[in-house]
> 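Structure below; questions to follow.
Computed over heavy atoms, backbone and side chain alike; hydrogens, waters and symmetry mates excluded. In what follows, chains carry the letters A, B, and so on, assigned in the order in which the sequence lines appear, proteins first and then strands, with residues in each chain numbered from 1. Note that the structure is a prediction, hence the values are computed from the model and not measured.
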2 protein chains.
Amino acid sequence: MGYLFKVPPFHAPARDLPMSQMLQIHDQLREMILSLDLGPGERLTERWLESRFEGSRTPIRAALVRLEGEELVRRDGRNWIVAPIDLGELEALAEFRIPLETTAVRLACARASEADIAGVEEMLDACQSGAPREEWHRVGTDFHVEIARLSGNPFIVKAIAGAMTRLSRARWLEVWTEPSREQAWREHRRILGFIKAKDPDSAAREAADHITDTRDRLLRSLNEDRRGLRARGFAVIGLR
Amino acid sequence: MGYLFKVPPFHAPARDLPMSQMLQIHDQLREMILSLDLGPGERLTERWLESRFEGSRTPIRAALVRLEGEELVRRDGRNWIVAPIDLGELEALAEFRIPLETTAVRLACARASEADIAGVEEMLDACQSGAPREEWHRVGTDFHVEIARLSGNPFIVKAIAGAMTRLSRARWLEVWTEPSREQAWREHRRILGFIKAKDPDSAAREAADHITDTRDRLLRSLNEDRRGLRARGFAVIGLR
DNA sequence: CGGTCTTTCTTGGGATACCGAAATGGGATA
DNA sequence: TATCCCATTTCGGTATCCCAAGAAAGACCG
């Protein structure tokens, strides 16, 4: 905070949670990064964050260290920057997701309760054609995490959640057409349908195809719009 | 540091790397945790760490936040504790590793160069029967990470490295017999052999079997020695 | 006018001051 | 003696302060 005209040491009025300020700042900053509110590659100074979040450097640095662990923020020399988007990761990410998600749906077939499955169905239902883009984006991410959750394996859940986070910003850059949205929606439905029907092989095949399709759609869209991306000034690297 | 008889503000003599103290503390603390130098569940006070590492709370807190991200340290209310060992994770961990490592060895068959494979072979060779226990422990972990590296997929590498870290402490608790050591060694050899021979199916089968075997060996040993574990006072939970 | 040296400013890394809450530890009391 | 209460300490959370290094901005010289 400012060093002049400063009100004498004012200590926070004791929130109920530990490190509450740090957690708040972490969440907000995370959201700003994932929503592209802060551009990939953008420099973050602790002092700017201080004024932006009206907290002192201590909780801000803690939040930055934490975000560094999530690879949403990175060091550039001794500076902090928002992690750039590396579109070269997209293939590796799909390659990583396929074995995990096929395993997840297989396990889900064996373990998921009717109620759990119904919960995911509801989530899909809640996002109809007219829904705003944010909604589609969120559900498109959460679906995969929720499916992973049906597997009952926390390591799979965490890995998938991490992968979807890494994918999130690239997905914002995609130019979404109505047909592609529709296709994704149908594929999600189909995967869930096979889980409900306890058909692990079909579910796994469908999941793998979906990941591949999505990757291709994304890469195609980004390649076509490459000029647009640069124009928007994003530090986007790695697209071959 | 102490509040009495304190030498006036002494500022660190400028290391070359940014946040060097934090990184040093992080590494040392990490090592102490993984080697069971600090018992699972043990309370860590920032002030104790201060004197232990002769640094101030700032870098120590950064190291703790970072370790929290690796789940080696955790909050308990507003205290810090060394993450307990949860032996209930062992099954889920194996379930997680199998699809990833089978994928890794398949990819390795397609992508690994002779030189890379030779590097891993050397690592195995360097650890002969007479080697100290630490050596076996390290190689037993690193082998899997190095195999993952042969896949060329950084996400797989990171996931496997994380899984092996999570497994590391449980492996220290295992009572290692000469035959089991031998078996693990043979299995590692075999996996690498199939990769060298570009036989993905056999490599994948072998890798999956190895993970299963290792899990069973570990669970059996821990079950038999459960009394011993408690006697040693470890905060070990989750063994059914 | 361009290049270079110097001064200044800014930033991150680290140390410490201070607060409130929780833990601790005696004694006093029933 | 068991229990409760309050003084004291300890601890984590936060704010601020100090330092060194490097970047930016001038100042100076050829």
> If I take atom CD in residue B/E46 and atom P in nucleotide C/dG14, what distance separates them, rounded to the nearest angstrom?
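Result: 15 Å.
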> Would you mind pulling out the nucleotide paired to C/dG2, Watson-Crick or G-U wobble, both distances under 3.5 Å?
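Per the H-bond distance test, D/dC29.
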> Just call it for B/L44: base, sugar-phosphate, or nothing, with non-hydrogen atoms closer than 4.0 Å on any strand.
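Answer is sugar-phosphate: B/L44 comes under 4.0 Å of backbone atoms only.
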> List the atom of A/N153, the atom of B/A92, and the distance in Å for their closest heavy-atom pair.
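So the two residues come closest at ND2-O, 2.9 Å.
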> For the side chain of B/P59, counting heavy atoms from C-beta on, which of D/dG13, C/dA15, C/dG12 is nearest?
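The closest nucleotide is C/dA15.
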> Could you state the atom-to-atom distance from CD of A/E54 to P of D/dA15 in whole Å?
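In whole Å, D/dA15 P and A/E54 CD are 11 Å from each other.
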> Round to a whole Å and report the spacing from CD1 of A/I60 to P of C/dG12.
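Checked: the CD1 to P distance equals 11 Å.
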> Passes side-chain hydrogen bond (donor to acceptor under 3.5 Å, both in side chains), B/H137 versus B/E174? Steps please.
CA-CA 11 Å; B/H137 187 275; B/E174 182 181 4; over 6 Å; no
> Over how many whole Å does the gap from A/R61 atom CZ to C/dT16 atom P extend?
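Checked: the CZ to P distance equals 15 Å.
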> Does the structure place the NZ or CZ of A/R75 under 6.0 Å from the centre of the six-membered ring of A/W80, at an angle of no more than 45° from the ring's axis?
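Yes; both conditions hold, so A/R75 lies above the ring face of A/W80.
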> In this structure, how many angstroms lie between the C1' atom of C/dA17 and the CZ atom of B/R57, rounded?
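Distance, rounded to whole Å: 10 Å.
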> Can you tell me if the side-chain N/O atoms of B/R75 get under 4.0 Å from OP1 or OP2 in D/dG13?
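For D/dG13, OP1 or OP2 has a side-chain N or O of B/R75 closer than 4.0 Å.
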> Contact class for A/T58 (heavy atom, under 4.0 Å): base, sugar-phosphate, or nothing?
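Base, at least one base atom sits under 4.0 Å.
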> Give the rounded distance in Å between these two atoms: CH2 of A/W80 and P of C/dG13.
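Computing the A/W80:CH2 to C/dG13:P distance gives 6 Å.
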> Search all heavy atoms of B/R171 against all heavy atoms of B/W176 and return the closest pair with its distance.
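Heavy-atom minimum between the residues: O-NE1, 3.8 Å.
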> Which comes earlier along DNA chain D counting from the 5' end, the contact point of A/N79 or that of A/M22, where each point is its nearest nucleotide?
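The answer here is A/M22.
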> Check the distance between D/dA15's C1' and A/L49's CG and give it to me in whole angstrom.
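After rounding, the gap between these two atoms is 16 Å.
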> Could you check if a side-chain atom of B/I98 sits within less than 4.5 angstrom of a side-chain atom of B/T212, using non-hydrogen atoms only?
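In short, these two side chains touch, coming nearer than 4.5 Å.
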> What is the distance, to the nearest angstrom, from the CZ atom on A/R78 to the C1' atom on D/dA20?
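Spelled out: CZ on A/R78 to C1' on D/dA20 is 7 Å.
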